[in-house]
Amino acid sequence: MGRGLCTPVNRGDKMAAPMSIVEEIRTRVILQEFGVKNVHTTDYPGNYPGYDDAWNMADFKKNFRIDIVDMDENTMEFDMVGIDASIANAFRRILLAEVPTMAVEKVFIYNNTSIVQDEILAHRLGLVPIKADPRLFEYRDAGNEGEDDEEGSEIDTIKLQLKVKCSRNPRATKDSADPRELYLNHMVYSKDMKWVPIGNQADVFADINIGPVHGDILLAQLRPGQELDIVMHCVKGIGQDHAKFSPVATASYRLLPEISLLETVEGEKAERLRGCFSRGVMELEDRDGRKFAKVVNSRLDTCSREVLRHEDLKNLVKLARVRDHFIFTVESSGVLPPDVLVTEAIKVLMTKCSRFLNELNTSNME
Amino acid sequence: MAGDCEKKPVLEMMQADGGDEGCVTYVLHNEDHTLGNSLRYLVMKDVDVEFCGYSITHPSESKINFRIQTRGGIPATEPLRTGLTQLNHVCQHVLNTFQARVDEFKGNQDQSME
């Protein structure tokens with residue numbers, strides 16, 4: 001039938017050619033009621049008799065593909081098929097923590113009479129994303145920190161200034177209570193952070209406006225007589241050091257779900273079965289007046305395993321995930337477009353490998 | 001990473017068995033699961049490798065112990081070097097494929113906008 005030795009693989013129709021148990025262990029992650037099976041990669045040479053699992057670059061290139069599903073200026077969704085979880089996870093980790101950006105690091109507070117404490121304000125300023133291409137800057141050398149406290153060279157620092165003074169609006173009506181009418185400059189937004197070019201930055205970045213990505217981030221509120229006079233230095237850093245340097249709002253992936261029906265389901269059961277999955281996953285097909293359940297698009301499923309909660313429905317489907325098909329979602333915080341972020345992340349991993357290869361080669365030559 | 005002085009070793013070798021070059025534990029500094037797991041996968045795909053594993057000694061220290069045991073008397077640096085080179089090639093191929101697909105997608109987008 002479909003229970004013992006073989007598992008049906010659903011390819012749009014009710015039941016297609018069954019997959020052997022070995023194939024299933026090698027390629028699918030099974031979602032069961034009380035756990036998840038076959039999570040780890042097991043296709044190493046020697047594990048399966050009859051299979052040649054040694055690394056073959058040509059086979060990898062043949063089976064690997066990337067499909068871009070959606071891309072706009074801040075978000076992208078793409079599929080990476082034919083790669084192992086360890087490498088896909090490496091890309092995800094690098095996107096979160098090792099792709100560099102510029103962010104405010106040193107805050108020189110010359111005057112802060114607002115009710116926001118110095119350190120709270122400095123913390124908030126650090127978290128504002130700064131629109132500057134980090135590839136055009138270098139890391140600030142942490143060696144000579146003592147002497148060079150206020151200086152920063154043009155190649156590794158961006159200087160920003162925030163100077164706001166709140167005053168009473170002389171033209172407000174006598175009995176208005178709206179702060180927007182009563183006060184001038186009482187809300188300090190990130191658009192008030194002005195770039196102060198150092199050295200030759202004015203020529204190099206003449207046409208690009210360096211400043212915060214979003215101008216509507218509220219930093220502090222003031223009342224008449226209070227003022228802020230702050231100078232900030234932005235440096236290049238990575239998310240591993242501080243989360244403010246992370247270039248992505250988030251980067252995540254999920255495995256492609258695969259839902260296969262083990263039996264034909266019709267009528268009222270089919271209706272209930274359809275309701276157990278996300279909308280669009282399963283549809284009812286009309287045949288000779290009777291309704292049959294059919295899996296239409298398992299990619300849309302969020303794998304809530306709701307169907308396993310119903311005694312009469314849980315043996316009718318098999319929930320699985322394809323182990324080497326990753327659906328990536330990358331949302332940039334605005335500093336760099338998401339496709340540039342992914343290419344930078346891949347280059348970071350290549351740099352790591354080259355570093356250790358050089359180290360191996362130089363230590364061998366000694 | 002930025003800020004490291006050149007004298008600090010990035011890769012050290014701790015030889016547990018004297019004389020047997022096939023069983024070596026490497027210490028990789030400033031690394032974590034990102035490189036550890038992906039490198040372990042590619043080294044395990046090598047036929048000559050009998051054992052490959054990595055562990056993070058302590059979560060407060062950013063270094064990993066990477067152990068390779070080979071069969072047939074092959075020195076352990078060989079699979080390590082092969083694994084690193086292959087990881088480099090995999091990344092290069094992923095990069096090329098990704099950039100080609102992005103350009104294609106952007107081209108399609110421009111076409112449908114006109």
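Protein chains get the first letters and strands the later ones, always in sequence-line order, with residue 1 at the start of each. These values consider heavy atoms only, across backbone and side chains, with no hydrogens, waters or symmetry-generated copies.
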By a 4.5 Å heavy-atom criterion (distance strictly below it), what part of [X] contacts chain B: side chain, backbone, both, or neither?
X	value
A:Thr41	side chain
A:Lys236	neither
A:Val69	backbone
A:Glu138	neither
A:Ser354	both

> Highest number of heavy-atom pairs under 4.5 Å with chain B: which of A:Lys352, A:Lys61, A:Met57?
Replying inline: A:Lys61

> For chain B, which of A:Asp67, A:Asn56, A:Ile83 has the most heavy-atom pairs under 4.5 Å?
Replying inline: A:Asp67

> For the residue pair A:Phe205 and A:Phe137, is the inter-centroid distance of their aromatic rings smaller than 6.0 Å?
Replying inline: yes

>> Please confirm whether the ring centroid of B:Phe105 lies under 6.0 Å from the ring centroid of A:Phe78.
In response: no

Max heavy-atom pair count under 4.5 Å with chain A, selected residue of [options]:
options	result
B:Leu80, B:Val90, B:Leu39	B:Val90
B:Leu35, B:Val94, B:Thr97	B:Val94
B:Asn88, B:Asn37, B:Thr82	B:Asn88

Could you verify whether a donor N or O on one side chain and an acceptor N or O on the other, from [X] and [Y], lie under 3.5 Å apart?
X	Y	answer
A:Asn89	A:Arg92	yes
B:Ser62	B:Asn30	yes
B:Tyr26	B:Thr77	no

>> Against A:Asp79, only a single residue in A:Arg299, A:Arg254, A:Arg65 fulfils salt bridge (Lys or Arg N to Asp or Glu O under 4.0 Å); can you say which?
In response: A:Arg299

>> One thing to verify: whether A:Arg323 and A:Asp43 come together as a salt bridge, which I'm taking to mean a side-chain N less than 4.0 angstrom from a carboxylate O.
In response: no

> Would B:Lys45 and A:Asp84 pass as an ion pair if we require N to O under 4.0 Å?
Replying inline: no

> Is it the backbone or the side chain of B:Tyr41 that comes under 4.5 Å from a heavy atom of chain A, or both, or neither?
Replying inline: both

> Of the backbone (N, CA, C, O) and the side chain (C-beta and beyond), which part of B:Gln92 lies under 4.5 Å from a heavy atom of chain A, both, or neither?
Replying inline: both

